[in-house]
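In what follows, residues are counted from 1 in the order of the sequence shown.
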Amino acid sequence: MASYTLSFIPLTVSNRRIFVSSQKGSPSSSSSSSSPIPPTSLLGKKLLVTKPSRRCFVSKHRCLTSASTVFSVPTAQPENGSSDKLPKWSARSIKSLAMGELEARKLKYPSTGTEAILMGILVEGTSTAAKFLRGNGVTLFKVRDETINLLGKSDMYFFSPEHPPLTEPARKAIEWAIDEKKKSGVDGELTTAYLLLGIWSQKDSAGRQILETLGFNEDKAKEVAKSMNEDVDLSFKKQGQ
């Protein structure tokens with residue numbers, strides 16, 4: 001069913017309540033006595049009811065927009081059935097996953113895959129893993145182009161869900177990162193390096209294929225592994241010491 005929009009000129013009304021009659025003609029005497037009188041500025045005016053246009057009009061002037069991404073960090077099922085030792089996620093890791101979800105929506109994909117998480121790491125951009133990737137020629141634009149070449153473009157009339165679910169390889173990559181952090185026995189947060197190596201661990205995933213195409217290999221994966229538990233500290237408290 002098509003919806004309709006009501007167009008009118010904004011008015012300043014002193015009375016907070018406005019009487020609206022849904023029937024044709026004047027309201028009955030019983031209802032008029034108990035309902036507020038409509039403002040005189042609306043009397044004798046015509047209101048325009050129009051259908052929403054299917055065409056998209058883009059303003060010549062740049063508009064400020066804001067968006068928020070609500071993201072729940074996935075956690076792997078603990079092997080021993082206890083969740084008291086699940087690692088804490090770093091803020092960069094959480095943001096990388098959220099940005100990966102957003103990248104999947106930008107490309108109108110139905111799910112969030114390893115390629116989207118890889119783009120999310122690069123969009124976040126401040127982690128050690130992201131800087132290592134850029135230093136070795138793996139940039140966001142290259143990954144995005146390779147993703148389209150590998151997976152293709154989505155139909156222009158398709159709209160991704162608000163929170164595209166994780167693909168099976170993406171879920172396994174995250175579980176790998178959680179398990180490796182638990183096995184390391186090192187205190188601290190789960191960094192984006194774990195996510196990157198989790199993507200690399202899924203050999204048939206789109207994320208790994210894209211990394212291989214852009215020159216990432218086992219030797220570079222070992223370099224990333226050396227700094228898995230380290231990340232750039234941007235806090236003012238640490239910088240002042």
Side-chain angles (χ1 to χ4, degrees), residues 1-5 51-59 62-77 89-127 129-130 133-134 138-178 190-214 216:
M1 183 189 301
S3 60
Y4 293 82
T5 57
K51 285 186 179 181
S53 175
R54 293 181 178 273
R55 298 177 60 187
C56 180
F57 296 93
V58 180
S59 173
R62 183 173 298 177
C63 299
L64 296 178
T65 58
S66 59
S68 59
T69 304
V70 180
F71 193 89
S72 298
V73 176
T75 56
Q77 294 294 332
W89 289 67
S90 69
R92 290 183 178 90
S93 296
I94 296 173
K95 185 176 180 180
S96 295
L97 287 175
M99 291 299 101
E101 182 182 272
L102 189 59
E103 287 298 311
R105 292 184 63 190
K106 286 181 179 179
L107 294 175
K108 295 187 177 183
Y109 286 164
S111 55
T112 304
T114 53
E115 74 289 339
I117 298 176
L118 178 59
M119 285 188 282
I121 293 174
L122 291 166
V123 170
E124 191 281 326
T126 64
S127 66
L133 288 173
R134 289 198 303 271
V138 182
T139 64
L140 174 62
F141 296 108
K142 290 181 180 179
V143 172
R144 189 176 291 157
D145 290 341
E146 290 297 329
T147 297
I148 295 174
N149 292 336
L150 181 63
L151 303 179
K153 291 184 178 181
S154 181
D155 189 276
M156 65 179 297
Y157 298 107
F158 175 79
F159 292 94
S160 299
E162 184 178 359
H163 300 290
L166 293 171
T167 62
E168 185 68 14
R171 185 181 63 80
K172 289 183 178 180
I174 293 174
E175 289 179 353
W176 183 95
I178 294 173
L190 190 152
T191 64
T192 51
Y194 282 95
L195 291 179
L196 175 58
L197 294 180
I199 295 171
W200 183 251
S201 69
Q202 305 304 308
K203 295 184 179 181
D204 296 329
S205 67
R208 166 137 185 175
Q209 294 179 46
I210 293 170
L211 284 171
E212 289 177 341
T213 302
L214 297 177
F216 195 88

Residues which pass side chain to side chain donor-acceptor pair (under 3.5 Å) with Lys108, listed by chain and number, not counting sequence neighbours: none
Over all atoms of both residues, closest heavy-atom pair of Thr147 and Met119: OG1-CE, 4.1 Å
Distance in Å, Asp145 CG paired with Thr139 OG1, rounded so as to fall on 0.5 Å steps: 8.0 Å
Derivation of the side chain to side chain contact (heavy atoms under 4.5 Å, CB included) call for Trp176 and Leu197: CA-CA 9 Å; Trp176 183 95; Leu197 294 180; 3.6 Å; yes
Side chain to side chain contact (heavy atoms under 4.5 Å, CB included) assessment of Leu196 paired with Leu211: CA-CA 10 Å; Leu196 175 58; Leu211 284 171; 4.1 Å; yes
Donor-acceptor contact below 3.5 Å, side chain Arg92 vs main chain Gly125: no
Steps toward side chain to side chain contact (heavy atoms under 4.5 Å, CB included) verdict (Phe216, Ile210): CA-CA 9 Å; Phe216 195 88; Ile210 293 170; over 6 Å; no
Residues, nucleotides or ligands: over 12 heavy atoms within 6.0 Å of Phe158 CZ: yes
Criterion side chain to side chain contact (heavy atoms under 4.5 Å, CB included) on Glu115 and Val143, from CA distance to verdict: CA-CA 8 Å; Glu115 74 289 339; Val143 172; 5.5 Å; no
Atom pair CD1 (Ile121) and CG (Leu140), whose distance is rounded to the nearest 0.5 Å: 11.5 Å
Separation of Gln209 CD from Asn149 CG (nearest 0.5 Å): 12.5 Å
Results of side chain to side chain donor-acceptor pair (under 3.5 Å) for Glu124 - residues two or more places apart only: Thr126
Glu212 and Arg208 ion-paired at < 4.0 Å: yes
Heavy-atom pair of closest approach, residues Ala177 and Leu195: CB-N, 4.2 Å
Minimum heavy-atom distance between Gly198 and Ala173, given as atom pair plus value: O-CB, 3.3 Å
Closest contact, heavy atoms only, Leu122 versus Arg134: CD2-CG, 4.2 Å
Pairing residues for Thr192 by the side chain to side chain donor-acceptor pair (under 3.5 Å) criterion, not counting sequence neighbours: Ser127
Pair Lys172 + Glu175: basic N to acidic O under 4.0 Å: no
Contacts of type side chain to side chain donor-acceptor pair (under 3.5 Å), residue Ser160, not counting sequence neighbours: none
Spacing of Leu166 atom CG and Leu97 atom CG [to the nearest 0.5 Å]: 7.5 Å
For the student: nearest non-hydrogen atoms of Ile148 and Tyr109, plus distance: CA-OH, 4.2 Å
Side chain to side chain contact (heavy atoms under 4.5 Å, CB included) partners for Pro161, two or more places apart: Pro164, Pro165
Stepwise salt bridge (charged side-chain N to carboxylate O under 4.0 Å, His left out) check, Arg144 with Glu103: CA-CA 9 Å; Arg144 189 176 291 157; Glu103 287 298 311; 2.9 Å; yes
Heavy-atom closest pair, residues Ile199 and Leu118: CD1-N, 3.7 Å
Electrostatic pair Glu101:Arg105 at N-O distance under 4.0 angstrom: no
All pairs passing side-chain hydrogen bond (donor to acceptor under 3.5 Å, both in side chains) where residues 197-207 contributes a residue, at least two apart: Trp200-Glu218
Test item: side-chain donor near acceptor, Ser93 and Ser96, under 3.5 Å: no
